[in-house]
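Note that the structure is predicted; figures quoted are calculated from it, not measured.
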Amino acid sequence: MLLRDALGETLRDARTSQNRTLRDVSTAANVSLGYLSEVERGRKEASSELLASICDALELQMSDVLDTVSRNLRSDSRIAAAKNRVIENSSKPGLGSGGDHRSAMETSLRIVLPYGAGRTASVA
């Protein structure tokens with residue numbers, strides 16, 4: 001995920017959670033409605049001045065917005081890394097090849113029982 005995507009998503013979430021329209025926030029931030037829409041969709045990168053203006057219009061601290069963006073990016077990168085591990089493991093022979101889509105945890109989990117622990121006594 002790109003920074004501009006995470007920032008736009010965070011701004012849109014903040015605006016919609018306040019039940020505010022793009023027009024309302026764009027007017028309060030003194031930013032064109034179209035440009036604010038592009039920022040929210042991750043199509044434009046907001047300058048620090050523009051971001052400060054949007055945060056003020058949303059009555060948010062820019063540091064809080066950036067903290068949320070940072071956490072979302074960190075979470076997204078962890079999810080992507082886990083997916084990559086699953087894909088890598090599924091391409092290895094014996095670890096999910098042939099359509100068996102086990103998670104990374106399942107492919108690394110091994111249960112070891114002491115010799116004879118799982119055997120029942122045979123009746124003669």
_Validation row: R20, L58 side chains within 4.5 angstrom (heavy atoms)_ = yes
*asked:* Under the rule for side-chain contact (heavy atoms from CB on, under 4.5 Å), what residues qualify as partners of A52, not counting sequence neighbours?
replied: M62
*What pairs with S47 under side-chain contact (heavy atoms from CB on, under 4.5 Å), at least two apart in sequence or on another chain?*
E49, L50
Donor-acceptor pairs are to be reported for all side-chain atoms of residues 3-11 against protein atoms at under 3.5 Å, with residues two or more places apart or in another chain.
| from | atom 1 | to | atom 2 | distance (Å) |
| --- | --- | --- | --- | --- |
| R4 | NE | G42 | O | 2.7 |
| T10 | OG1 | A6 | O | 2.8 |

*Should the heavy atoms of other residues, nucleotides or ligands under 6.0 Å from CG of N30 be counted, would the total exceed 12?*
no
What pairs of donor and acceptor atoms, side-chain ones from residues 31-39 against any protein atom, are under 3.5 angstrom apart with sequence neighbours left out?
| from | atom 1 | to | atom 2 | distance (Å) |
| --- | --- | --- | --- | --- |
| S32 | OG | Y35 | N | 3.1 |
| S37 | OG | R41 | NE | 3.3 |
| E38 | OE2 | R41 | NH2 | 2.5 |

*List in chain and number order the residues that pass salt bridge (Lys or Arg N to Asp or Glu O under 4.0 Å) with R74, two or more places apart in sequence or in another chain; answer none if no residue qualifies.*
none
*asked:* I'd like to check the side-chain contact (heavy atoms from CB on, under 4.5 Å) partners of T21; sequence neighbours left out, ordered by chain and number.
replied: R23, D24
*Take Q18 and V25 through the side-chain contact (heavy atoms from CB on, under 4.5 Å) test and state the conclusion after the steps.*
CA-CA 10 Å; Q18 294 177 12; V25 175; 5.8 Å; no
*Take L66 and L51, measure what side-chain contact (heavy atoms from CB on, under 4.5 Å) needs, and give me the verdict at the end.*
CA-CA 10 Å; L66 294 174; L51 180 57; 4.1 Å; yes
